[in-house]
Chemist: 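Dropping the structure in here first, questions after.
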Amino acid sequence: MSQALDAEPGSELFASYEADFRLAYAEITQKIDQIPELAAEPRKASVRAAERAIDEADEIVGQMTIELQNISSGSRAKLNARLRGYRSDLDKVKRELRRTSEQADRTELFGSRAAQAPGGISADDISHDQRQQLLSGTDRLEASSQRLRDSQRLANETENVGAGILTDLRGQREQIVNSRNVLMQADTHVDKSIRTLRGMARRYVAK
């Protein structure tokens, strides 16, 4: 996994997001490591927990992407490289979760049924049950994959919304700066007018 970023000016919030990401990443890898050792229901619970942690990590990456826009350009290049590393780490554990879950399902499906064959279950019954369980497992895997795709889409939408908000804020800031400049120019003209009127008044009194 990518190493933590050393604290530097302007990146305190980004560093906080990094710490949150590392916690979520550690939970994901822990759950994935447990999957092959668990029976059906506990394994499903571990897969769901890993998926929730992946969703959380996806959201954190989205927050880091938004925060990156608020950091000075001098620090942004280093932070952006590190952010790409986190995205790569997250993609790897997504693939690892899918692979490990599929492998565990296959092991349970074929291993346990084959072990029962000598006990009187016919080969046709085993084959039928295996097909049914395989189809059911495929449906569950597809549902899990869809949730992952939905999470990625939500993260992308969040990133786009955040970028739009930042653009609006920059536009408003420019308007405020322009208005202040106009007011400063108006104050200068007023000062000149006052000085001119005072000069005219002194000359009038002096006559």
Side-chain angles (χ1 to χ4, degrees), residues 1-38 43 45-105 140-178 180:
M1 180 182 174
S2 303
Q3 297 298 314
L5 176 67
D6 296 334
E8 56 184 85
S11 65
E12 291 83 1
L13 183 55
F14 191 94
S16 174
Y17 287 138
E18 284 187 303
D20 293 339
F21 179 89
R22 290 195 298 276
L23 290 174
Y25 184 90
E27 181 180 356
I28 295 167
T29 55
Q30 180 186 30
K31 296 302 181 184
I32 292 175
D33 290 342
Q34 293 173 350
I35 289 173
E37 304 173 359
L38 299 174
R43 185 175 70 250
S46 186
V47 170
R48 288 193 295 270
E51 289 171 348
R52 288 193 296 271
I54 286 175
D55 290 344
E56 180 183 353
D58 262 327
E59 182 177 348
I60 293 169
V61 168
Q63 293 296 329
M64 283 194 284
T65 301
I66 295 174
E67 177 60 21
L68 193 63
Q69 305 303 316
N70 295 327
I71 296 175
S72 64
S73 57
S75 302
R76 192 176 301 165
K78 183 178 179 181
L79 292 169
N80 195 41
R82 206 170 282 273
L83 180 57
R84 287 195 299 270
Y86 293 139
R87 288 198 182 102
S88 177
D89 291 336
L90 193 53
D91 288 339
K92 289 178 182 177
V93 292
K94 287 178 182 178
R95 292 193 297 270
E96 180 65 15
L97 174 61
R98 183 165 56 251
R99 186 194 65 78
T100 304
S101 179
E102 290 174 353
Q103 181 62 43
D105 284 341
R140 292 196 300 271
L141 290 172
E142 177 58 30
S144 297
S145 298
Q146 184 60 48
R147 286 196 295 271
L148 290 175
R149 290 192 292 269
D150 291 342
S151 297
Q152 184 62 50
R153 176 181 54 78
L154 179 60
N156 291 336
E157 291 176 354
T158 301
E159 177 180 346
N160 292 334
V161 170
I165 292 174
L166 289 173
T167 300
D168 292 342
L169 290 175
R170 282 195 293 268
Q172 293 174 8
R173 180 179 181 277
E174 290 175 358
Q175 291 177 355
I176 292 173
V177 171
N178 291 336
R180 185 182 64 181

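No hydrogens, no waters, no symmetry mates; every other heavy atom, side chains included, goes into these values.
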Chemist: Show, in sequence, the C-alpha distance, side-chain angles and deciding distance for Arg95 and Asp91, and conclude whether the side chain to side chain contact (heavy atoms under 4.5 Å, CB included) test is met.
Modeler: CA-CA 6 Å; Arg95 292 193 297 270; Asp91 288 339; 3.8 Å; yes
Chemist: Could you please spell out the steps behind the side chain to side chain contact (heavy atoms under 4.5 Å, CB included) verdict for Ile28 and Leu97?
Modeler: CA-CA 8 Å; Ile28 295 167; Leu97 174 61; 5.8 Å; no
Chemist: In Å, rounded to the nearest 0.5 Å, how long is the span from CD of Glu18 to CG of Leu23?
Modeler: 12.0 Å
Chemist: Kindly indicate whether the side chain of Gln63, heavy atoms from C-beta on, has any atom under 4.5 Å from the side chain of Glu67.
Modeler: no
Chemist: Any side-chain heavy atom of Glu56 sitting closer than 4.5 Å to one from Phe21?
Modeler: no
Chemist: Enter the distance from Ser101:OG to Arg48:CZ here, rounded to the nearest 0.5 Å.
Modeler: 11.0 Å
Chemist: In Å, rounded to the nearest 0.5 Å, how long is the span from OG of Ser46 to CZ of Arg43?
Modeler: 10.0 Å
Chemist: Out of curiosity, Leu68 CG to Phe14 CZ, how far, rounded to the nearest 0.5 Å?
Modeler: 5.5 Å
Chemist: Measuring from Met64:CE to Ile71:CD1, what's the distance to the nearest 0.5 Å?
Modeler: 10.5 Å
Chemist: Is there a donor in the side chain of Ser144 and an acceptor in the side chain of Arg149, or the other way round, less than 3.5 Å apart?
Modeler: no
Chemist: State whether Glu96 and Arg99 are salt-bridged, where the test is any N-O pair (Lys NZ or Arg NE/NH1/NH2 against Asp/Glu carboxylate O) under 4.0 Å.
Modeler: yes
Chemist: Do Glu174 and Asn178 pass the side-chain hydrogen bond (donor to acceptor under 3.5 Å, both in side chains) test, and can you show the C-alpha distance, the side-chain angles, and the key distance before you say yes or no?
Modeler: CA-CA 6 Å; Glu174 290 175 358; Asn178 291 336; 5.9 Å; no
Chemist: Taking the side chain from Asn80 and the backbone from Arg76, do they hold a donor-acceptor pair closer than 3.5 Å?
Modeler: no
Chemist: Side-chain contact, heavy-atom cut-off 4.5 Å: Ile54 with Leu148?
Modeler: yes
Chemist: Distance check, rounded to the nearest 0.5 Å: Gln152 atom CD versus Arg147 atom CZ?
Modeler: 15.5 Å
Chemist: Charged N to carboxylate O below 4.0 Å: is that the case for Arg87 and Asp58?
Modeler: no
Chemist: Check Leu154, Val161, Asn156 against Thr158 for a side chain to side chain contact (heavy atoms under 4.5 Å, CB included) and give me the one that passes.
Modeler: Leu154
Chemist: Answer yes or no: is there a donor N or O on one side and an acceptor on the other, between the side chain of Ser88 and the main chain of Arg84, under 3.5 Å?
Modeler: no
Chemist: Please report the closest heavy-atom contact between Tyr17 and Ile60, naming both atoms and the distance.
Modeler: O-CG2, 3.3 Å
Chemist: Please table the atom pairs, donor to acceptor, closer than 3.5 Å between any side-chain atom in residues 29-38 and protein atoms at least two apart or in another chain.
Modeler:
residue	atom	partner	partner atom	Å
Thr29	OG1	Tyr25	O	3.2
Thr29	OG1	Ala26	O	2.9

Chemist: Above 12 or not: heavy atoms from other molecules or residues under 6.0 Å from CD of Glu59?
Modeler: no
Chemist: Under 4.0 Å between a side-chain nitrogen and a carboxylate oxygen: does that hold for Arg153 and Glu157?
Modeler: yes
Chemist: Does Ile176 reach the side chain of Arg173, with side-chain heavy atoms less than 4.5 Å apart?
Modeler: no
Chemist: Do the side chains of Thr100 and Val47 get nearer than 4.5 Å, heavy atoms only?
Modeler: no
Chemist: Return the minimal non-hydrogen interatomic distance between Leu83 and Thr65, and the atom names on each side.
Modeler: CD2-OG1, 3.6 Å
